[in-house]
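Written below as structure tokens is the structure these notes are about.
Letters A, B, ... are given to chains in the order of the sequence lines, protein chains preceding strands, and every chain is numbered from 1.
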4 protein chains.
Amino acid sequence: MTTAGTKRGSILSGALALFAERGFDATTVPMIAASAGVGAGTIYRYFENKEVLGNSLFQEYVGIFTETLRDEFPFDETVRNQFHHIFQSMIRFTIKEVHALYFIKTHSSAHFLDDVSHKCFQDLLDILRTFFDSGKEKKEIKELPSSALIAIVYGAFLELQRLVQIGELQPETKLVEDVEESIWDAVRLHA
Amino acid sequence: MTTAGTKRGSILSGALALFAERGFDATTVPMIAASAGVGAGTIYRYFENKEVLGNSLFQEYVGIFTETLRDEFPFDETVRNQFHHIFQSMIRFTIKEVHALYFIKTHSSAHFLDDVSHKCFQDLLDILRTFFDSGKEKKEIKELPSSALIAIVYGAFLELQRLVQIGELQPETKLVEDVEESIWDAVRLHA
Amino acid sequence: MTTAGTKRGSILSGALALFAERGFDATTVPMIAASAGVGAGTIYRYFENKEVLGNSLFQEYVGIFTETLRDEFPFDETVRNQFHHIFQSMIRFTIKEVHALYFIKTHSSAHFLDDVSHKCFQDLLDILRTFFDSGKEKKEIKELPSSALIAIVYGAFLELQRLVQIGELQPETKLVEDVEESIWDAVRLHA
Amino acid sequence: MTTAGTKRGSILSGALALFAERGFDATTVPMIAASAGVGAGTIYRYFENKEVLGNSLFQEYVGIFTETLRDEFPFDETVRNQFHHIFQSMIRFTIKEVHALYFIKTHSSAHFLDDVSHKCFQDLLDILRTFFDSGKEKKEIKELPSSALIAIVYGAFLELQRLVQIGELQPETKLVEDVEESIWDAVRLHA
DNA sequence: AATGAATGAGAATTCATTCAT
DNA sequence: CATGAATGAATTCTCATTCAT
């Protein structure tokens, strides 16, 4: 019966889509208001200013992505299966929130991000770091710095995701599986 | 026949560094002027407006990158060696112009880009596309859409480059070789 | 036959304190609402808008001040005793409503005042004018324009009142008597 | 040959007149710009923001007023002559800068004033304080707290000044002399 | 009647661009 | 040619006022 957060929610959604498409700086507050179907002033009832809105949005979705990765993580399974979980989580997150990953990607070193946002993002990367560290110990992952491994997986995935977004790639099952295998090949230790 | 005017050059350099660091929209014309050591008005002698400057910059560096890739391309060698050339070109370009690749990456779908810029960027991607198409024919590259293969290589490389940029990764010979091998593993067709 | 509604009263009190401290323009309607312990919308049940509230407040307190001066005015006593009554009335009014006199002072030529407010304020000054006119006739008050005499008494008193307000002066009996004598010296005709 | 400060000067003049007439809060930046004959943006070349402009203005004119009082102060003459100097300085300052004194009066406890402004204003009052302290020592001034004496002189003078401003009083020689005598009567120790 | 969330007109401020020097 | 002070359109943000609950 409560609709608490209905407005806040539409503002965040509207901002997400616009920030992903045009970027934070090229998006005006009235644009966000129109996209959320609220008055411009209303945005300031929920967010102190545009930067706070940007940080809230970033933290919100980095948080959801982090949870998605952590959720049901198969700690006891093979490294390959763990990688599959990570890849599938990325896919799932992308399907649930089309713009979120692209927004995170394009704004993860944006000038307006505060310390909390940076911390959130580090937490996200730490999940991948932990996975790679354990994989390297088990001799199943290449002996590269984890930050490099993350960059490869994260960079490749996000660039692919952009292609899906702009319609240049259809995310059919076969393609998704092949891409997963391709990125896995990049990081796995070959015999 | 190039580097026309030392001023034009400093403006482009200044703008490149600033656009890479802060993004096009968060960079003001006076900032560029200060960084180039010229008056704000001088910028308008060389570029009609900020957007034109952005496009010139984009085209300039995408052009250089394209040339770098084309230069001495080993058409008659193995696919692996061709990949090595591409990878080395990326490295060389990055070393020559630290900010250029990151600027290209973060602005390749920017709102201010005109048709010429998009065309330039397509030309760049086409080099990679041609390489992958021929590699797939020779059964040395995975049977994935070329756009996906490009995304993987380009995405991974740029994310790595960012780490080097921010100092989180030292580009020593061993690391660079390992990374090349890793990305090659992602795209090569395994036995 | 007044104090209609406890809410109207709290709104007026809240507004009085805030207008005196911050001024009309720097006081927001939500501030007044909070200070009065009512919702912002409630203010509009009692006052058409902020300007009307400002005028009501001004008229209310100028009216009370006027009454205080008129009340038991010793028409048949000496000019000095009449002056004492005026001075005592100012003191009494100030004690009853600490902020009122300062509010009147700082807003008596405010941009939002309407004709009725200006008229009220003139009525107040007329009491002093009448007193001075009669005092000059009796050769007990200096031969200065009444408006000048009013300015001296009113100006000096209000500036003193401000000192009491901000705690820089303690309104002890001796001081009050001395100040009265000082201001009386300013206007009385010396032998 | 330098016109350095021409714009800055017109902005300050324009702002002074408007702040005196309408008050700081009821004056908009475009109003100031129009009154100074410059573009709105120009104001921000000279003053960081509206508050800084307000403080600069306050400090500027309080400073001039302070200098006017200090200039040729007759330290070795009678207390009465010193009072005459003070009164004449106030008159001179008022004639030179019609709006300045009223602006100072109405904004000396304004919400936007910073510490420097408060300090400036204290310096101004300290001149009067020093005069009264020395006068009391010489038994020529009433034994009232100096702050109270200042309030009487300052309050009376400013209220009179307002009457001149709005045209209700003509500042003829005779009137000015009489008013000086009246205010002197308020503070001098009577035999 | 009372509320306070929502609104949008209007204020402060920024910055791409022009132009007199 | 080069400059940077000046501009005003565009942007962020505030707050008096309304109105559904």
Side-chain angles (χ1 to χ4, degrees), chain A residues 3-4 6-8 10-11 25-34 36-53, chain B residues 5 7-8 11 24-34 36-54 112, chain C residues 5 7-8 11 24-34 36-54 112, chain D residues 3-4 6-8 10-11 25-34 36-53:
Chain A
T3 40
T6 263
K7 292 261 151 116
R8 196 189 136 95
S10 7
I11 293 167
D25 290 303
T27 301
T28 70
V29 173
M31 276 177 200
I32 300 168
V38 304
T42 303
I43 288 171
Y44 292 86
R45 286 197 68 71
Y46 293 95
F47 304 96
E48 207 181 319
N49 56 47
K50 196 186 162 187
E51 300 216 338
V52 167
L53 166 58
Chain B
K7 298 245 156 145
R8 195 188 136 92
I11 293 166
F24 180 84
D25 290 302
T27 301
T28 70
V29 173
M31 275 178 200
I32 299 168
V38 303
T42 305
I43 288 172
Y44 290 84
R45 291 218 150 266
Y46 295 95
F47 304 95
E48 205 183 321
N49 56 45
K50 194 186 167 190
E51 300 217 338
V52 167
L53 167 58
F112 65 84
Chain C
K7 298 244 156 142
R8 187 178 198 275
I11 293 167
F24 179 83
D25 289 302
T27 301
T28 70
V29 172
M31 275 178 200
I32 300 168
V38 303
T42 305
I43 288 173
Y44 290 84
R45 290 220 151 265
Y46 295 95
F47 304 95
E48 206 182 321
N49 57 45
K50 194 185 167 189
E51 300 217 337
V52 167
L53 167 57
F112 65 83
Chain D
T3 39
T6 261
K7 292 261 152 115
R8 196 189 136 94
S10 6
I11 293 166
D25 291 302
T27 302
T28 70
V29 173
M31 276 178 198
I32 299 168
V38 303
T42 303
I43 287 172
Y44 292 85
R45 285 198 67 72
Y46 294 96
F47 305 95
E48 206 182 319
N49 55 47
K50 194 185 163 189
E51 300 217 338
V52 168
L53 167 57

Between [X] ([atom1]) and [N] ([atom2]), how many Å, whole number?
{"X": "A:I43", "N": "F:dC15", "atom1": "CD1", "atom2": "C1'", "answer": "16 Å"}
{"X": "B:M31", "N": "E:dT17", "atom1": "CE", "atom2": "P", "answer": "15 Å"}
{"X": "B:L53", "N": "E:dC15", "atom1": "CG", "atom2": "C1'", "answer": "15 Å"}
{"X": "A:R8", "N": "E:dA6", "atom1": "CZ", "atom2": "P", "answer": "13 Å"}
{"X": "D:E48", "N": "E:dC15", "atom1": "CD", "atom2": "P", "answer": "13 Å"}
{"X": "D:E51", "N": "F:dC13", "atom1": "CD", "atom2": "C1'", "answer": "15 Å"}
{"X": "D:N49", "N": "E:dA11", "atom1": "CG", "atom2": "P", "answer": "17 Å"}
{"X": "B:D25", "N": "E:dT14", "atom1": "CG", "atom2": "P", "answer": "17 Å"}

Separation of [Y] [atom2] from [X] [atom1] (nearest 0.5 Å):
{"X": "D:T42", "Y": "D:I32", "atom1": "OG1", "atom2": "CD1", "answer": "12.5 Å"}
{"X": "C:I43", "Y": "C:N49", "atom1": "CD1", "atom2": "CG", "answer": "11.5 Å"}
{"X": "C:Y46", "Y": "C:R8", "atom1": "OH", "atom2": "CZ", "answer": "9.5 Å"}

Would you say [N] has OP1 or OP2 under 4.0 Å from some side-chain N or O of [X]?
{"X": "B:R45", "N": "F:dC1", "answer": "no"}
{"X": "A:Y46", "N": "E:dA6", "answer": "yes"}
{"X": "D:K7", "N": "F:dA6", "answer": "yes"}
{"X": "C:T42", "N": "E:dT3", "answer": "yes"}

(message) What's C:F47 touching, base or sugar-phosphate or nothing? Going by heavy atoms closer than 4.0 Å.
(response) nothing
(request) Just compare E:dT3, E:dT7, E:dA12 and give me whichever is closest to any side-chain atom of D:P30. (result) E:dA12
(request) For C:A40 and for A:G41, find the nucleotide of DNA chain F with the closest heavy atom, then tell me which residue's nucleotide is more 5'. (result)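 Going by which nucleotide is closer to the 5' end, it is A:G41.
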(message) By nearest heavy atom, map A:Y44 and C:V29 onto DNA chain F; which one lands nearer the 5' end?
(response) A:Y44
(message) Between B:F24 and A:G37, which residue's closest nucleotide on DNA chain E lies nearer the 5′ terminus?
(response) A:G37
(request) Select from C:G39 and B:K50 the residue whose nearest nucleotide in DNA chain E is closer to the 5' end of that strand. (result) C:G39
(request) Find out whether C:F112 and C:D25 are in side-chain contact, i.e. whether some heavy atom of one side chain is under 4.5 Å from a heavy atom of the other. (result)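 No, too far: nothing below the 4.5 Å cut-off.
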(request) Cation-pi check, C:K50 to C:F24: give yes when NZ or CZ is under 6.0 Å from the six-membered ring centre and within 45° of the ring axis, no otherwise. (result) yes
(message) When both hydrogen-bonding distances must be under 3.5 Å and the geometry is Watson-Crick or G-U wobble, what is E:dA2 paired with, if anything?
(response) F:dT21
